[in-house]
Amino acid sequence: MASLKLKRVYEAPEASDGTRILVDRLWPRGMAKDKARIDLWLKDIAPSDALRKRFHGKPEDWDAFCDAYAEELEGEAAQASLEELREQLRGGPVTLLYAARDESHNNAVALKAWLEKNRGGSSSA
């Protein structure tokens, strides 16, 4: 697999980003579509609204969030998005984009860790 990076969607795009994939269920607040330079939006790979709301702003519950999110990633819709993500990774570098302010506790961080654990993906953050 190609390199997999993480970046806030509000940071400027760079050529080294490769394919830029938004992994949030909601469109980033205040972000114009042309400015975001998003190549692919995988809504179904994002945590459900219920999970997102349950853990929002609770970094102390990070491990429980990761476990619950891992369960959601086994669902049919998420699996289809994961296959699309793997296909993009076979083609070159990928940057997972997220809107959260917390750069250590967000669904993109959890997704990257899950991919590395379950699929042996290579990475560079």
Side-chain angles (χ1 to χ4, degrees):
M1 267 193 219
S3 74
L4 181 61
K5 299 187 300 182
L6 303 176
K7 183 183 258 189
R8 280 194 84 215
V9 71
Y10 301 104
E11 294 178 40
E14 299 173 308
S16 64
D17 288 347
T19 303
R20 293 169 50 87
I21 301 176
L22 179 63
V23 293
D24 286 349
R25 192 165 297 272
L26 304 174
W27 186 261
R29 182 172 291 171
M31 177 61 69
K33 291 190 182 205
D34 59 332
K35 186 178 178 186
R37 288 210 14 233
I38 292 171
D39 298 307
L40 184 60
W41 185 9
L42 295 177
K43 294 179 200 175
D44 290 332
I45 210 170
S48 66
D49 287 334
L51 181 61
R52 181 177 53 81
K53 289 175 183 174
R54 192 166 109 208
F55 290 102
H56 181 74
K58 299 177 184 171
E60 66 275 9
D61 294 338
W62 176 244
D63 290 337
F65 169 79
C66 290
D67 291 344
Y69 185 34
E71 285 182 31
E72 288 190 354
L73 289 172
E74 298 300 328
E76 189 175 325
Q79 285 295 309
S81 289
L82 283 165
E83 185 51 41
E84 190 157 0
L85 174 56
R86 287 186 202 102
E87 184 65 33
Q88 293 298 323
L89 280 165
R90 285 190 277 278
V94 169
T95 298
L96 301 180
L97 302 171
Y98 62 92
R101 286 188 186 114
D102 187 336
E103 296 184 14
S104 301
H105 303 98
N106 63 66
N107 61 297
V109 170
L111 176 59
K112 183 175 185 261
W114 185 90
L115 285 166
E116 290 169 350
K117 178 181 176 188
N118 292 289
R119 306 293 180 238
S122 68
S123 67
S124 62

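Residues take their numbers from the sequence shown, with the count starting at 1.
- Residues passing the side chain to side chain donor-acceptor pair (under 3.5 Å) test with Asp102, sequence neighbours excluded: His105.
- In this structure, Leu111 CG and Leu85 CG are separated by 6.5 Å, a value rounded to the nearest 0.5 Å.
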Could you go step by step and tell me if Trp62 and Asp67 meet the side chain to side chain contact (heavy atoms under 4.5 Å, CB included) rule? CA-CA 9 Å; Trp62 176 244; Asp67 291 344; over 6 Å; no

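- Scanning both residues, Leu40 and Ile38, for their nearest heavy atoms gives O-CG2, 3.2 Å.
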Give the intermediate values and the outcome of side chain to side chain contact (heavy atoms under 4.5 Å, CB included) for residues Leu96 and Val94. CA-CA 6 Å; Leu96 301 180; Val94 169; 4.1 Å; yes

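- In this structure, CD on Glu84 lies 9.0 Å from CD1 on Ile45, to the nearest 0.5 angstrom.
- We find the NZ-NE2 distance between Lys53 and His56 to be 11.0 Å, quoted to the nearest 0.5 Å.
- Between Ser104 and Val109 the shortest heavy-atom distance is O-CG1, 3.6 Å.
- Atom CD of residue Glu116 and atom NZ of residue Lys112 lie 4.0 Å apart, to the nearest 0.5 angstrom.
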The test is side chain to side chain contact (heavy atoms under 4.5 Å, CB included); show your working for Leu26 and Arg52 and say whether it passes. CA-CA 11 Å; Leu26 304 174; Arg52 181 177 53 81; 3.6 Å; yes

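- A single hydrophobic cluster is seen to contain both Ile21 and Leu4, as judged by linkage of ILVMFWY side chains at heavy-atom distances under 4.5 Å, directly or through other members.
- A pairwise comparison of heavy atoms in Asn107 and Tyr69 identifies O-CE2, 3.5 Å as the closest pair.
- Under the 3.5 Å distance criterion, the side-chain polar atoms of Lys58 are matched with a main-chain donor or acceptor of Arg54.
- A heavy-atom distance below 4.5 Å is found between the side chains of Phe65 and Pro47.
- For the pair Leu82 and Gln79, the minimum side-chain heavy-atom distance is below 4.5 Å.
- Residues Trp27 and Leu42 do not share a hydrophobic cluster, defined by chaining ILVMFWY side chains whose heavy atoms lie under 4.5 Å apart.
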Table please: side-chain donor-acceptor pairs of residues 6-19 below 3.5 Å, with sequence neighbours left out.
{"residue": "Lys7", "atom": "NZ", "partner": "Ala12", "partner atom": "O", "Å": "3.0"}
{"residue": "Lys7", "atom": "NZ", "partner": "Glu14", "partner atom": "OE1", "Å": "3.2"}
{"residue": "Lys7", "atom": "NZ", "partner": "Asp17", "partner atom": "OD1", "Å": "3.0"}
{"residue": "Lys7", "atom": "NZ", "partner": "Asp17", "partner atom": "OD2", "Å": "3.1"}
{"residue": "Arg8", "atom": "NE", "partner": "Ala100", "partner atom": "O", "Å": "2.9"}
{"residue": "Arg8", "atom": "NH2", "partner": "Ala99", "partner atom": "O", "Å": "2.9"}
{"residue": "Tyr10", "atom": "OH", "partner": "Arg29", "partner atom": "N", "Å": "3.2"}
{"residue": "Tyr10", "atom": "OH", "partner": "Arg29", "partner atom": "O", "Å": "2.9"}
{"residue": "Glu11", "atom": "OE2", "partner": "Arg8", "partner atom": "N", "Å": "3.4"}
{"residue": "Ser16", "atom": "OG", "partner": "Lys5", "partner atom": "NZ", "Å": "3.3"}
{"residue": "Asp17", "atom": "OD2", "partner": "Glu14", "partner atom": "N", "Å": "3.0"}
{"residue": "Asp17", "atom": "OD2", "partner": "Arg20", "partner atom": "NH1", "Å": "2.6"}

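- A distance of 8.5 Å separates CG of Asp24 from CG of Leu97, quoted to the nearest 0.5 Å.
- Cluster annotation: Leu22 is not connected to Leu89 through the hydrophobic network of ILVMFWY side chains, with a link wherever side-chain heavy atoms come within less than 4.5 Å.
- Relative to the ring axis of Trp41, Lys33 does not place its NZ or CZ within 45° and under 6.0 Å from the centre.
- Using a distance-only test at 3.5 Å, with no hydrogens or angles considered, a donor-acceptor pair links the side chain of Glu72 to the main chain of Ser48.
- Both Val23 and Phe55 are assigned to one and the same hydrophobic cluster, defined by single-linkage of ILVMFWY side chains at heavy-atom distances under 4.5 Å.
- Remark: Arg25 engages Asp44, Ala46, Asp49 in a side chain to side chain contact (heavy atoms under 4.5 Å, CB included) (not counting sequence neighbours).
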